[in-house]
Amino acid sequence: QVQLRESGGGSVQSGGSLRLSCAASDDSYSTLCIGWFRQSPGKEREGVAAIGGIGGSITYYADSVKGRFTISQDNTRDTAYLQMNQLKPDDSAMYYCAAVRCFGESIGLAASQYTDWGQGTQVTVSS
């Protein structure tokens, strides 16, 4: 089981930026695909961004965040990041990172494909 710990959430004004981190405790981080998901009260969990493929060469983004969010990873630190720019109030949610052992394949934004989840970090964007 992969242990995941998110950090970097907080409160910002509309138009601001935040960078979320997802630190993984795993001996084979390079075999993982990582996804970022978010959920706000009364809404379904939404896939935001995902990274996979050889060396993280494949990325996926929800249409709602394309051009504003960037997913990346640092295999030397076993950590994935979600850089969020031009934040909007609609981006307010609890953000979760998730992992699945994909061995260089790509998984995409389907939450059901991920096997391990972090506890989440709250992002609040005020207008």
Side-chain angles (χ1 to χ4, degrees):
Q1 185 176 4
V2 181
Q3 302 294 323
L4 301 169
R5 185 178 74 252
E6 303 95 335
S7 61
S11 297
V12 296
Q13 291 191 328
S14 181
S17 298
L18 284 173
R19 188 178 79 157
L20 305 183
S21 299
C22 172
S25 297
D26 190 76
D27 293 336
S28 300
Y29 180 84
S30 62
T31 65
L32 299 176
C33 285
I34 301 291
W36 284 99
F37 298 81
R38 65 187 182 187
Q39 189 168 22
S40 52
K43 294 186 178 181
E44 293 187 358
R45 185 170 293 187
E46 176 189 18
V48 175
I51 188 165
I54 302 296
S57 57
I58 301 174
T59 57
Y60 299 88
Y61 295 95
D63 288 343
S64 58
V65 306
K66 280 180 182 176
R68 301 188 297 123
F69 291 11
T70 303
I71 189 170
S72 62
Q73 63 186 15
D74 183 346
N75 286 8
T76 66
R77 298 178 180 268
D78 293 353
T79 300
Y81 304 96
L82 185 67
Q83 177 67 43
M84 305 186 297
N85 298 329
Q86 302 173 47
L87 283 162
K88 306 173 182 180
D90 283 349
D91 295 318
S92 297
M94 185 71 79
Y95 282 72
Y96 301 89
C97 68
V100 61
R101 194 110 24 218
C102 63
F103 299 101
E105 299 295 326
S106 59
I107 298 297
L109 296 175
S112 60
Q113 299 298 310
Y114 291 82
T115 56
D116 301 287
W117 292 78
Q119 295 299 307
T121 185
Q122 179 68 40
V123 172
T124 302
V125 184
S126 58
S127 58

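Ring orientation note: the planes of W117 and F37 are tilted relative to one another, at an angle of 30° to 60°.
Side-chain contact check for T76 and D74: at least one donor-acceptor pair (N or O, by modelled atom type) lies under 3.5 Å. In the model, E46 has a side-chain atom that pairs as donor or acceptor with a side-chain atom of S64 under 3.5 Å.
A single hydrophobic cluster is seen to contain both V12 and V65, as judged by linkage of ILVMFWY side chains at heavy-atom distances under 4.5 Å, directly or through other members. Grouping the Ile, Leu, Val, Met, Phe, Trp and Tyr side chains by contacts below 4.5 angstrom, directly or via other members, places V2 apart from I107. In terms of hydrophobic clustering, with Ile, Leu, Val, Met, Phe, Trp and Tyr side chains grouped at heavy-atom distances under 4.5 Å, I34 and Y60 are assigned to different clusters. Connection of L82 to Y29 is established within a shared hydrophobic cluster, with ILVMFWY side chains joined at heavy-atom distances below 4.5 Å, either directly or through further cluster members.
Remark: side-chain polar atoms of S17 are not paired, donor with acceptor, to backbone N or O of Q83 under 3.5 angstrom.
The shortest distance between side-chain heavy atoms of M84 and L18 falls below 4.5 Å. Looking at heavy atoms from C-beta onward, R5 lies out of side-chain contact with Q3 at the 4.5 angstrom threshold. Y61 places a side-chain heavy atom less than 4.5 Å from the side chain of T70. Put simply, the side chain of I58 does not reach to within 4.5 Å of the side chain of I51, judged on heavy atoms. Within the 4.5 Å cutoff, the side chain of S126 has no heavy atoms near those of the S11 side chain.
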* Asked: What do the steps show when you test Y96 against E6 for side chain to side chain contact (heavy atoms under 4.5 Å, CB included), and what is the final call?
  -> CA-CA 7 Å; Y96 301 89; E6 303 95 335; 3.9 Å; yes
* Pair L20-Y81, side chain to side chain contact (heavy atoms under 4.5 Å, CB included): steps then yes or no -> CA-CA 5 Å; L20 305 183; Y81 304 96; over 6 Å; no
* To do: Report the C-alpha distance between D91 and R38 in whole Å, list the side-chain angles of each, state the deciding distance to 0.1 Å, and finish with yes or no for side chain to side chain contact (heavy atoms under 4.5 Å, CB included).
  => CA-CA 9 Å; D91 295 318; R38 65 187 182 187; 2.9 Å; yes
* Determine, step by step, whether F103 and I54 satisfy the side chain to side chain contact (heavy atoms under 4.5 Å, CB included) criterion, reporting the C-alpha distance in whole Å, the side-chain angles of both residues, the deciding distance to 0.1 Å, and the verdict. => CA-CA 8 Å; F103 299 101; I54 302 296; over 6 Å; no
* Could you give me the CA-CA distance, side-chain angles and deciding distance for D26 and R101, then say whether salt bridge (charged side-chain N to carboxylate O under 4.0 Å, His left out) is met? => CA-CA 10 Å; D26 190 76; R101 194 110 24 218; 2.8 Å; yes
* Decide salt bridge (charged side-chain N to carboxylate O under 4.0 Å, His left out) for D63 and K66; before the verdict, give the C-alpha distance in whole Å, the side-chain angles of both, and the deciding distance to 0.1 Å. => CA-CA 5 Å; D63 288 343; K66 280 180 182 176; 3.2 Å; yes
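Closest approach of S21 and T79 over heavy atoms only: CB-CG2, 4.2 Å. When every heavy atom of I71 is checked against every heavy atom of W36, the shortest pair comes out as CD1-CD1, 3.6 Å. Taking each heavy atom of G52 and C33 in turn, the nearest pair found is CA-SG, 3.7 Å. Here the shortest heavy-atom pairing between A50 and G108 reads CB-O, 3.4 Å. A pairwise comparison of heavy atoms in G47 and A62 identifies O-CB, 3.3 Å as the closest pair.
Note that the CD atom of Q86 and the OG atom of S14 stand 10.0 Å from one another [nearest 0.5 Å]. Interatomic distance, CG of D116 versus CD of Q1, reported as 5.0 Å (0.5 Å rounding). Distance check, rounded to the nearest 0.5 Å: OG1 of T121 to OH of Y95 gives 10.5 Å.
For R77, the CZ atom sits in a loose shell: 12 or fewer heavy atoms of surrounding residues, nucleotides or ligands are nearer than 6.0 Å. R45 CZ: more than 12 foreign heavy atoms inside a 6.0 Å radius.
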